[in-house]
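Values reported hereafter were calculated over all heavy atoms of this structure, with side chains retained and with hydrogens, waters and symmetry mates removed.
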Amino acid sequence: MQNLTELPFNSTSQRTSVIVKVCVVIPLFCFFLCCIAVMLHTFASHRHFLDTSRYILFAHMLINDTLQILTSVFLFLCIMGRVRFALLLCVPLLFVSTGTFQNTNLILAAMSLERYVAIFYPLQPPAYWRSDRIWVLILSLWLISFTFPITEFCIRRQDPAVNILSTPVICKATVINSSPLQGLFRAAVSVLFFTVVAVVILFTYVRILLETRKLRQDVASVSKALHTVLLHGFQLLLCMLSFTIPFTETLIVLHTNWLPEDIAYFNYFCFVLVPRFLSPLIYGFRDQGLRKHIGKTLICGPKRRVKPHFRR
């Protein structure tokens with residue numbers, strides 16, 4: 001969201017441009033929410049999903065990405081409409097948007113490790129990887145992901161002209177994260193998250209790959225886990241597309257005459273919004289068990305209880 005700038009509505013063409021951008025984002029956003037709602041309904045309707053660590057982590061990722069998309073699109077609409085409100089309301093929204101953005105990467109690492117644990121410790125998994133204790137791991141991921149945006153806010157340079165309670169501002173990250181120190185901290189955190197998650201996914205992939213050469217039985221489940229870890233790597237690449245925004249901005253400026261707000265919208269839509277939409281949907285509809293139940297939900301609708309009919 002930090003790349004979207006305030007739009008001056010000085011002409012009919014600019015107002016039309018804003019309307020078109022909003023009309024593109026909102027239907028895609030509604031479609032995403034419908035898909036997520038169907039998947040979460042499927043989880044809640046079938047007990048065996050809630051008794052499996054892998055599905056619990058995936059449901060957690062769905063909830064996390066829904067929060068990220070909700071806050072991101074809300075901030076996008078506020079910037080498009082030039083809506084101003086106090087920093088006291090803006091800061092929590094930015095915290096949620098940034099924290100959930102980083103949390104997705106940690107969840108991908110946890111899901112890869114879960115596949116590793118399921119292959120190497122099928123009978124006696126470590127305590128915190130069991131379905132009844134995995135909430136401890138999930139809570140830890142939330143704490144870690146929100147620690148960094150809070151720290152970044154704490155090291156900001158205080159502007160005496162801005163009152164956190166009353167000064168209305170356009171809610172974007174550059175308002176509260178504008179110092180060079182914060183930029184350096186943000187870049188270091190991004191590299192750290194990407195490196196740790198990439199190493200975890202690579203480690204689990206290599207270990208499972210080596211395991212397939214040793215096992216002569218149950219090769220199908222090991223191969224399936226291998227493909228799942230590969231998919232997590234692809235999801236990580238989708239999430240990391242947002243870090244290519246500075247390079248794409250430079251290329252667009254050099255080769256086109258686009259307005260700054262159009263460049264910001266293009267980057268936001270292509271490298272932030274669309275990857276976040278695709279990542280959970282690809283994983284969810286790829287899973288055979290989940291896809292089967294989703295298909296039944298979409299075709300048959302919710303199950304209705306039929307009252308027994310007794311003949312007299």
Side-chain angles (χ1 to χ4, degrees), residues 1-9 11-44 58-83 85 90 93-94 96-98 100-101 103-104 170-173 234-235 237-242 244-245 248-249 252 256 258-287 290-291 293-302:
M1 292 302 299
Q2 62 268 28
N3 295 293
L4 292 173
T5 55
E6 182 179 357
L7 303 179
F9 300 155
S11 67
T12 303
S13 62
Q14 288 175 335
R15 287 193 293 270
T16 303
S17 176
V18 170
I19 293 173
V20 170
K21 291 170 184 175
V22 171
C23 290
V24 170
V25 170
I26 294 302
L28 186 63
F29 170 70
C30 294
F31 174 75
F32 171 81
L33 284 186
C34 290
C35 293
I36 296 300
V38 169
M39 284 191 278
L40 289 177
H41 171 75
T42 303
F43 280 120
F58 178 60
H60 169 58
M61 186 174 74
L62 291 179
I63 296 171
N64 177 84
D65 283 358
T66 300
L67 286 175
Q68 205 282 324
I69 293 296
L70 280 171
T71 53
S72 175
V73 171
F74 177 74
L75 292 173
F76 163 78
L77 294 176
C78 289
I79 293 174
M80 288 290 107
R82 298 188 302 169
V83 177
F85 44 87
C90 175
L93 288 172
L94 292 174
V96 173
S97 180
T98 304
T100 50
F101 183 88
N103 198 22
T104 299
I170 296 292
C171 190
K172 50 185 179 180
F234 176 68
Q235 289 176 283
L237 291 178
L238 285 177
C239 294
M240 292 298 109
L241 282 177
S242 60
T244 65
I245 287 178
T248 57
E249 282 185 347
I252 293 173
T256 66
W258 290 10
L259 296 174
E261 57 267 23
D262 293 334
I263 297 174
Y265 172 77
F266 175 81
N267 283 324
Y268 171 69
F269 183 81
C270 294
F271 302 112
V272 177
L273 208 58
V274 172
R276 289 287 162 170
F277 285 153
L278 291 178
S279 179
L281 298 183
I282 289 174
Y283 186 87
F285 287 103
R286 172 191 172 273
D287 187 275
L290 185 58
R291 187 172 65 243
H293 290 291
I294 290 175
K296 291 180 180 179
T297 301
L298 293 177
I299 295 174
C300 303

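- Rounding to the nearest 0.5 angstrom, the gap separating the CG atom in Leu75 from the OH atom in Tyr268 is 8.0 Å.
- If you take CG on Asp65 and CZ on Phe101, they are separated by 10.0 Å, rounding to the nearest 0.5 Å.
- Between Ile69 atom CD1 and Leu28 atom CG the span is 8.5 Å, to the nearest 0.5 Å.
- For the atom pair Leu67 CG and Thr100 OG1, the distance stands at 6.5 Å (nearest 0.5 Å).
- Cys35 contributes atom SG, which lies 11.0 Å from atom CG of Leu40 (distance to the nearest 0.5 angstrom).
- Under the 3.5 Å distance criterion, the side-chain polar atoms of Thr66 are matched with a main-chain donor or acceptor of Leu62.
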### Query
Does the side chain to side chain contact (heavy atoms under 4.5 Å, CB included) test come out yes or no for Leu70 and Val96, once each step is laid out?
CA-CA 10 Å; Leu70 280 171; Val96 173; over 6 Å; no
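- When each of Val22, Val83, Val25 is tested with Leu77 by the rule side chain to side chain contact (heavy atoms under 4.5 Å, CB included), just one qualifies, namely Val22.
- Using bins of under 30°, 30° to 60° and over 60° for the plane-to-plane angle, the ring pair Phe32/Phe277 lands in the tilted bin.
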### Task
Go through Val18 and Arg82 one step at a time and tell me if the side chain to side chain contact (heavy atoms under 4.5 Å, CB included) criterion holds.
CA-CA 11 Å; Val18 170; Arg82 298 188 302 169; over 6 Å; no
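- Summarising the geometry of Cys270 relative to Pro275, their closest heavy-atom pair is O-CD, 3.2 Å, with the distance given to 0.1 Å.
- Atom CG of Asp262 sits about 5.0 Å away from atom OG of Ser17, to the nearest 0.5 Å.
- In this structure, Phe85 places its CZ atom where more than 12 heavy-atom neighbours from other residues, nucleotides or ligands lie under 6.0 Å away.
- Within 6.0 Å of atom CZ in Phe43, more than 12 heavy atoms from other residues, nucleotides or ligands are found, so the atom counts as buried in its surroundings.
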### Task
Could you walk me through whether Ile26 and Cys30 pass the side chain to side chain contact (heavy atoms under 4.5 Å, CB included) test, one step at a time?
CA-CA 6 Å; Ile26 294 302; Cys30 294; 4.0 Å; yes
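- Ile282 places a side-chain heavy atom less than 4.5 Å from the side chain of Phe234.
- Cys171 has its SG atom within less than 2.5 Å of the SG atom of Cys90.
- A side-chain donor-acceptor contact under 3.5 Å links Thr104 and Arg276.
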